[in-house]
2 protein chains.
Amino acid sequence: MPKAHNVRPASALERTLHRLEDLCRERGQRLTRPRRAVLAKLLSARRPLSAYELLDLLRSEDGRSTAASVYRTLDFLMALGIVHRLESTRSFVLCEHPDGPHWVQFLICRRCGQVVEAEDERVAAATERLGQRLGFALDQHIVELTGVCESCRGSRAPH
Amino acid sequence: MPKAHNVRPASALERTLHRLEDLCRERGQRLTRPRRAVLAKLLSARRPLSAYELLDLLRSEDGRSTAASVYRTLDFLMALGIVHRLESTRSFVLCEHPDGPHWVQFLICRRCGQVVEAEDERVAAATERLGQRLGFALDQHIVELTGVCESCRGSRAPH
DNA sequence: TTGTACTTGATACAAAGTATCATAAGGACA
DNA sequence: TGTCCTTATGATACTTTGTATCAAGTACAA
């Protein structure tokens, strides 16, 4: 049986918001209502959302949300490294490895839309090495791998 | 001095068009005017073009070109594997390794816009392995690495 | 509580991509 | 050569995605 604590376990939302608070404090940036709201929506969606899907969700709570404010907020959260953009699907997803800077890879299932965020040493080393070989000082690394996930292959003929 | 030949050396355009002709014949697809034109423009640009940049170029020769026709043609050429889309810059570029199916990586210089298309075994193997580890049967592989190329780093402090 | 730099809301706009359908153009065949 | 059929094109309208600008509002420090 797990040991009892005085602090009760934080919800995923509370944990993520604390992380955001810390990052803002560290960097002297403000934690505003729309920033909290976007984070909460991305968290509860548990899947990538397009900017306009997000806008629709936000408007259901605050009719003043606009495309411009959504994109601004997403840019802010991406700069903090707690949201990623999936280029191949033009959508935005909460980072699953929010501690420190890192190079991640996304695996996207074309059947069910599931997205897995990986942090694979081998891939990171291989791309870094490729950059060196070709004389590039790399600072951004987009790796989006699309296919069919295990459970979707299981339910139908694998192709 | 280079050896004389009876066949005069084909221009890059001629070679690329022959490649396109062959592919169309193999697959029973038609080689039409707009398809040749898009290929020629991408070739002479020697850099990635957005769909609307391409449209402007095409309109200078045929005023009837439209966005729809440009996208249709690009989709066709991408299906043949002789054009790639760069997701991170929403642009299209001629394939530099047009022989057979392959997984490529792009290195993009954020200073000068230069794009290098690589076909790196190590990166391909690492991503394939990652897919296997996570149970994905991968069929698409987007790798776009952004940084500063060698000559741009040489001309200024590297950062 | 007040000041102020930063952020937001509102509006308008630009860029990127798609749907639909009638017309046109290749190619097979008589 | 002309007919038929298939596929691609041209034309139009539209949707989705992303930005620029600027006045008004607000989080945070002092």
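A, B, ... follow the sequence lines: proteins, then strands. Residue 1 opens every chain.
- Using a cut-off of 4.0 Å between Lys/Arg side-chain N and Asp/Glu carboxylate O, A/Glu21 and A/Arg35 are scored as not salt-bridged.
- Atoms OG and CG, from B/Ser44 and B/Leu49 in turn, are 8.0 Å apart once rounded to the nearest 0.5 Å.
- Rounded to an integer number of Å, the gap from B/Tyr71 OH to D/dC14 P is 19 Å.
- Atom P of nucleotide C/dA16 and atom CG of B/Asp56 are separated by 11 Å, given to the nearest angstrom.
- B/Gln140 contributes no side-chain N or O that, together with a main-chain N or O of A/Gly147, makes up a donor-acceptor pair within less than 3.5 Å.
- Contacts of residues 22-36 of chain A with DNA chain D (heavy atom under 4.0 Å): A/Arg30, A/Leu31.
- Between the CZ atom of A/Arg90 and the P atom of C/dA16 there is a distance of 10 Å, given to the nearest Å.
- As a whole-Å value, the separation of A/Glu53 CD from D/dT17 C1' is 12 Å.
- With salt bridges taken as basic N to acidic carboxylate O contacts below 4.0 Å, one links A/Asp22 and A/Arg25.
- DNA chain C is contacted by both B/Thr89 and B/Ala68; B/Thr89 maps to the nucleotide lying nearer its 5′ end (nearest heavy atom per residue).
- Residue A/Arg72 places no side-chain atom within donor-acceptor reach of the base of D/dG18, judged by atom type and a 3.5 Å distance cut-off alone.
- When the P atom of D/dT17 is taken as reference, atom OH of B/Tyr52 falls 14 Å away, rounded to whole Å.
- With sequence neighbours excluded, the residues satisfying salt bridge (Lys or Arg N to Asp or Glu O under 4.0 Å) with B/Arg33 are B/Asp62.
- Put simply, CD1 on B/Ile142 and CD on A/Glu87 are 9.0 Å apart, with the number rounded to the nearest 0.5 Å.
- Separating the CZ atom of B/Arg64 from the P atom of D/dA8 is a distance of 17 Å, rounded to the nearest angstrom.
- The residues A/Glu53 and A/Arg47 are annotated as salt-bridged, a charged nitrogen and a carboxylate oxygen being separated by less than 4.0 angstrom.
- For the pair A/Asp75 and B/Thr73, both in contact range of DNA chain D, the more 5′-proximal nearest nucleotide belongs to B/Thr73.
- Checked for salt-bridge contact, B/Asp56 and B/Arg59 miss the test: no charged N lies under 4.0 Å from a carboxylate O.
- We find that CZ of A/Phe76 is positioned 12 Å from C1' of D/dA27, with the value rounded to whole Å.
- Note: CG (B/Leu58) to P (D/dA11) measures 14 Å, nearest angstrom.
- Two residues are said to be in side-chain contact when any heavy atoms from C-beta on lie closer than 4.5 Å; B/Ser88 and B/Ile108 meet this criterion.
- Between the two ends of the helix from C/dT1-D/dA30 to C/dA30-D/dT1, each summarised by a five-pair axis, the helix axis turns through 30° (rounded to 10 degrees).
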